[in-house]
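A quick write-up on the structure given underneath.
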Amino acid sequence: MTIGRRLRDRFTERLLPDAVFQIAPGYLSGVRVARADRSVKGGFVLPFRERPVVPSFDRPNIADPAALEEAIAQGMRNLRLASGTAGLLIPEPSVRVFVFNVDGFPRTGREREAFLRWRIAKQMPLIPEDARIDFAATPGRGPRRIIAAMARRVVVWEYEALFEKAGLRPVLVGVPSLALANLVRRDGRAADLLLNLEDETLTLLALSEAGWTLYRQKDVGPAAGTGAEERAENIVREAETTIRFLEDKERVRTERLWLRSAAEAETAGIASRLGERTGVPVRTVDYEAPKVWTEAHKAVLAPLIGQVL
């Protein structure tokens, strides 16, 4: 199975592997679910002492393979998993995501590949030779909306190789924000803006009845320490800018904001500030979880639950 196929599966087929893992700069997390009813059978969060992962689209990501190997082995023990298939959510900055409208979309795979590269090149002229591009498109003929993900083969292979070494076979690769979209409780024609905070990265994903409307990724600074106030201000400012852009350029009014932060302690404060500044109702991304999970664990594991639901 090619890397391209793996990313396409993430968008469309919602494969259910034996376990799903998220590799973040500050932690490794994982969940295991039952195939029969998709009930959660286990989950873990393993913080790193030092960051073994430095997310990048075009540079090596794994700075300390031994530390990540050790965490993978411990995570597998926590899930009571000796072998099998795995889904991987890699850091958001390691992938480029694009959303665009098209008047028509080629029918064959080769023509679609060329078409997607042509459209992406308008926003990112220098596409690496080993880039793999995968997509999802709204159904029907004529005008359509497309979301496309692009990752470098060498970067994805870094992550896959470590899991294969541990005895797991990666069958899908994705990013946290696209998995989280499955947890956004949408209804009617309301337009939603999902804000996902992972380490220093804020991802904004706009969703509407027509499908995806916008994807943005911004560095907003660290979640803790003296920069917390500046980080909160950066987040609110990016949300305000995105809301205005959607209204002015896309003619889409944002009806709700959905917020998830891997650092659960900051969620309430940021949600309050967002509501006050934007005037848009704010909801936190939530889901049913095993009773033994704390709110902090639920926040970290949310993208994985979104992937397996």
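Just so you know, these numbers use all the heavy atoms, side chains as well, and skip hydrogens, waters and symmetry mates.
Put simply, the side chain of Val33 reaches to within 4.5 Å of the side chain of Leu16, judged on heavy atoms. Two residues are said to be in side-chain contact when any heavy atoms from C-beta on lie closer than 4.5 Å; Glu288 and Ile305 fail this criterion. Residues Phe115 and Val102 meet the side-chain proximity criterion, which asks for heavy atoms closer than 4.5 Å. Residues Val155 and Phe57 form no side-chain contact, since every pair of their non-hydrogen atoms from C-beta on lies 4.5 Å or further apart. With contacts defined as side-chain heavy-atom distances shorter than 4.5 Å, the pair Leu259/Arg283 does not qualify. Proximity of Leu214 to Leu246: side-chain heavy atoms (C-beta onward) are separated by under 4.5 Å at one or more points. When side chains are defined from C-beta on, Val97 counts as touching Ile147, because their heavy atoms get closer than 4.5 Å. The shortest side-chain heavy-atom distance between Ile23 and Leu68 falls under the 4.5 Å cut-off.
Once rounded to the nearest 0.5 Å, the distance linking CG of Leu46 with CG of Asn78 reads 5.5 Å. Distance CD1/Ile133 to CZ/Arg112: 14.0 Å, rounded to 0.5 Å. We find the OG1-CG distance between Thr213 and Leu193 to be 9.5 Å, quoted to the nearest 0.5 Å. Rounded to the nearest 0.5 angstrom, Leu195 CG and Arg216 CZ are separated by 10.0 Å. Note that CZ of Arg119 is 9.5 Å distant from CG of Leu116, once rounded to the nearest 0.5 Å. How far CG of Leu162 is from CD of Glu69: 5.5 Å, rounded to the nearest 0.5 Å.
Among Phe98, Phe105, Phe100, the single residue meeting the ring-ring contact (aromatic ring centres under 6.0 Å, His included) criterion with Phe135 is Phe105. Shown are Leu194, Thr284, Asp192, Ile243; of these, the side chain to side chain contact (heavy atoms under 4.5 Å, CB included) with Leu257 is made only by Ile243.
Checked by atom type and distance alone, the side chain of Asp64 never pairs as donor or acceptor with a backbone atom of Pro52 at under 3.5 Å. Thr203 places no side-chain N or O within 3.5 Å of a backbone atom of Ser177 that could act as its donor or acceptor partner. With Arg231 contributing its side chain and Gly221 its backbone, the two residues share a donor-acceptor pair below 3.5 Å. Side-chain atoms of Asp18 come within 3.5 Å of backbone N or O of Thr85 as a donor-acceptor pair. Thr267 places a side-chain N or O within 3.5 Å of a backbone atom of Glu264 that can act as its donor or acceptor partner. In this structure a side-chain-to-backbone donor-acceptor pair under 3.5 Å is present from Lys298 to Tyr287. A donor-acceptor pair is defined here as one N or O able to donate and one able to accept, closer than 3.5 Å; no such pair exists between the side chain of Arg32 and the backbone of Gly43.
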> Please walk me through it: do Leu304 and Ser29 pass side chain to side chain contact (heavy atoms under 4.5 Å, CB included)?
Replying inline: CA-CA 8 Å; Leu304 299 175; Ser29 60; 3.4 Å; yes
>> Between Leu197 and Ile270, does the side chain to side chain contact (heavy atoms under 4.5 Å, CB included) criterion hold? Intermediate values first, please.
In response: CA-CA 11 Å; Leu197 288 156; Ile270 293 174; 4.0 Å; yes
> Between Arg152 and Val156, does a side chain to side chain contact (heavy atoms under 4.5 Å, CB included) hold up when you go through it step by step?
Replying inline: CA-CA 6 Å; Arg152 293 197 62 188; Val156 175; over 6 Å; no
>> side chain to side chain contact (heavy atoms under 4.5 Å, CB included), that's the test. Do Tyr159 and Val173 meet it? Break it down for me.
In response: CA-CA 10 Å; Tyr159 294 100; Val173 176; over 6 Å; no
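Between Glu240 and Arg277, at least one side-chain nitrogen of the basic residue sits less than 4.0 Å from a carboxylate oxygen of the acidic one, meeting the salt-bridge criterion. In this structure, Glu113 does not pair ionically with Arg132, as no charged nitrogen and carboxylate oxygen lie closer than 4.0 Å. A salt bridge links Arg260 to Glu198: at least one charged side-chain nitrogen sits closer than 4.0 Å to a carboxylate oxygen. With respect to the salt-bridge test (charged N to carboxylate O, under 4.0 angstrom), the residues Glu233 and Arg237 qualify. Between Glu158 and Arg59 no salt bridge is recorded (no basic side-chain N to carboxylate O distance below 4.0 Å).
The neighbour count for Arg80 CZ, taken as heavy atoms of other residues, nucleotides or ligands under 6.0 Å away, does not exceed 12. Summarising the local packing, CD of Glu250 is surrounded by more than 12 heavy atoms from other residues, nucleotides or ligands at distances under 6.0 Å. For Glu230, the CD atom sits in a loose shell: 12 or fewer heavy atoms of surrounding residues, nucleotides or ligands are nearer than 6.0 Å. Residue Glu50 places its CD atom among 12 or fewer non-hydrogen atoms of other residues, nucleotides or ligands, all under 6.0 Å distant.
In plain terms, the two heavy atoms of Trp293 and Val31 that are nearest each other are CH2-CG1, 4.1 Å. Counting all heavy atoms, side chain and backbone alike, Val252 lies closest to Ala191 at CG1-CB, 3.5 Å. Nearest heavy-atom pair, Arg144 versus Thr138, reported as atom, atom and distance to 0.1 Å: NE-O, 2.8 Å. Residues Val54 and Ala63 share a closest heavy-atom pair of CG2-CB, 4.1 Å. When every heavy atom of Arg96 is checked against every heavy atom of Met124, the shortest pair comes out as CG-SD, 4.2 Å. When all heavy atoms of Pro128 and Arg117 are compared, the closest pair comes out as O-NH1, 4.2 Å.
Defined by atom type and a distance below 3.5 Å, a donor-acceptor pair is present between the side-chain atoms of Glu266 and Ser261. Looking at Ser94 and Asn61, their side chains do bring a donor and an acceptor atom within 3.5 Å of each other. Side-chain polar atoms of Asn234 and Glu238 form no donor-acceptor pair below 3.5 angstrom.
Phe245 and Leu207 fall into different hydrophobic clusters, where Ile, Leu, Val, Met, Phe, Trp and Tyr side chains are chained together by heavy-atom contacts under 4.5 Å. Taking hydrophobic clusters as Ile, Leu, Val, Met, Phe, Trp and Tyr residues chained together by side-chain heavy-atom distances below 4.5 Å, Leu202 shares a cluster with Val280. Each of Val175 and Leu204 belongs to its own hydrophobic cluster when Ile, Leu, Val, Met, Phe, Trp and Tyr are linked at side-chain heavy-atom distances under 4.5 angstrom. There is a path of hydrophobic side-chain contacts, each under 4.5 Å, that joins Leu88 to Leu28. Both Met150 and Ile146 belong to a common hydrophobic cluster when Ile, Leu, Val, Met, Phe, Trp and Tyr are linked at side-chain heavy-atom distances under 4.5 angstrom.
A ring pair (Phe, Tyr, Trp, His ring centres under 6.0 Å) check over residues 17-40, counting only residues at least two apart or in different chains, returns the pairs Phe21-Phe163.
The side-chain contact (heavy atoms from CB on, under 4.5 Å) check on Arg51 picks up Pro25, Asp199, Glu200, with sequence neighbours excluded.
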